Amino acid sequence: PIRLYGHSSGGYMPLNISFESCNYNTLQEAFEHDGETSIIDGHQQLVDIIPYEQTELEQCSLPVERVINEEYDNLIMDYIEAVIEKEAPIREELLCKRVLRAINIARMGVRVAEYMGYAIDCVSPRYTTDDHRTFWNEDQEPDEYKTIRQSNERDASHIPYEEAKNAAIHILDQQGPQPKDSLIREMAKLFGYSRVGDNVYYTMQKGIELAINKSLAEEFDGKIMLKR
């Protein structure tokens, strides 16, 4: 059970709140006493926040033409599987960049992109599709994914919308209802971005939309809030 306490000159005292009529505003009013904020004893976060860990692949230099001609399929597919195992959920573009960087191919032109699509399909990983494909491990359920991975080295366009959704849920859970732009700024900070560029804004907005579509959040009176 969750116990609510308010701060007074004599210490922390139980708050007299009826949960039958309790909402966020009544909690905020009860939590504020003489300019000091109360605490929630036993409050659990709705998501896990962890550092983003990149896959360590053995570096080598492979000729582009021989790669495209399928001469290194086994190695490429092993790398694809290793990256998915370590970094799933992972966007297709980031997966390709990880593998190509390891084999010293700097540019993903049309033919290289086609080859990578072929190699990924041969591995047959689980994936979901929105704007792009996102690959998952077999033991991961997209609807039950509750993790945020922090790294400002990952381009915001490579963040799965499920992960951005989790950031929205976490901020709303910790800070309460927010105007959309304010929520997006807080989400960006959580992922490690110091500024909100177009890619950051777009991905965070998609996360909010997903939270609303999944009936986890709602927009009311100009603010985004958790749907209870």
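None of the values given here were measured: they were computed from a predicted structure.
Scanning all heavy atoms of the two residues, the minimum distance from Tyr115 to Ile68 falls at CD1-O, 3.9 Å. Here the closest heavy-atom approach between residue His158 and residue Pro160 is recorded as O-CD, 3.4 Å. A pairwise comparison of heavy atoms in Ile169 and Ala211 identifies CD1-CB, 4.0 Å as the closest pair. Between Val47 and Ile148, the shortest heavy-atom contact is CG2-CD1, 3.6 Å. Asp155 approaches Asn199 most closely through the heavy-atom pair OD1-ND2, 3.5 Å. Between Phe135 and Ala88 the shortest heavy-atom distance is O-CB, 3.6 Å.
The closest donor-acceptor contact from the side chain of Tyr79 to the backbone of Glu58 lies under 3.5 Å. Side-chain atoms of Asn69 come within 3.5 Å of backbone N or O of Glu65 as a donor-acceptor pair. Side chain of Gln59 to main chain of Leu57: a donor-acceptor pair is present (N/O by atom type, distance under 3.5 Å, no hydrogens or angles). Checking side-chain atoms of Gln150 against main-chain N and O of Ile49 turns up no donor-acceptor pair under 3.5 Å. No donor-acceptor pair under 3.5 Å is formed between the side chain of Asn152 and the backbone N or O of Ser194. At distances below 3.5 Å, at least one donor-acceptor pair connects side-chain atoms of Gln140 with backbone N or O atoms of Asn137. A donor-acceptor contact shorter than 3.5 Å links the side chain of Thr203 to the backbone of Ala156.
When the shell of 6.0 Å around CD of Glu153 is examined, it contains 12 or fewer heavy atoms from other residues, nucleotides or ligands. The 12-atom threshold is not exceeded at CD of Glu85, counting heavy atoms of other residues, nucleotides or ligands nearer than 6.0 Å.
A salt bridge is defined here as a Lys NZ or Arg NE, NH1 or NH2 lying under 4.0 Å from an Asp or Glu carboxylate O, and Arg133 with Asp121 meets this definition. At a threshold of 4.0 Å, the pair Glu87-Arg154 does not count as salt-bridged, since none of the basic side-chain nitrogens sits closer than that to a carboxylate oxygen. For Glu162 and Lys165, the salt-bridge test fails: no basic side-chain N is under 4.0 Å from an acidic carboxylate O. With salt bridges taken as basic N to acidic carboxylate O contacts below 4.0 Å, none links Arg111 and Glu114.
Val110 shares a hydrophobic cluster with no other residue; no ILVMFWY side chain has heavy atoms under 4.5 Å from its own.
Linking Ile, Leu, Val, Met, Phe, Trp and Tyr whenever their side-chain heavy atoms come within less than 4.5 Å puts Ile208 and Tyr193 in one cluster. The cluster map of Ile, Leu, Val, Met, Phe, Trp and Tyr, joined by side-chain heavy atoms under 4.5 Å apart, puts Met187 and Ile224 in the same cluster.
A search for side chain to side chain contact (heavy atoms under 4.5 Å, CB included) contacts involving Cys122 returns Met77, Tyr118, not counting sequence neighbours. Evaluation of the ring-ring contact (aromatic ring centres under 6.0 Å, His included) rule for Tyr52 yields no partner, not counting sequence neighbours.
Geometrically, Arg91 engages Tyr161 in a cation-pi contact defined by less than 6.0 Å to the ring centre and at most 45° from the axis.
For the atom pair CZ (Arg126) and CD (Glu138), the distance works out to 5.5 Å, reported to the nearest 0.5 Å.
Using a 4.5 Å heavy-atom threshold, the side chains of Pro179 and Arg185 count as separate.
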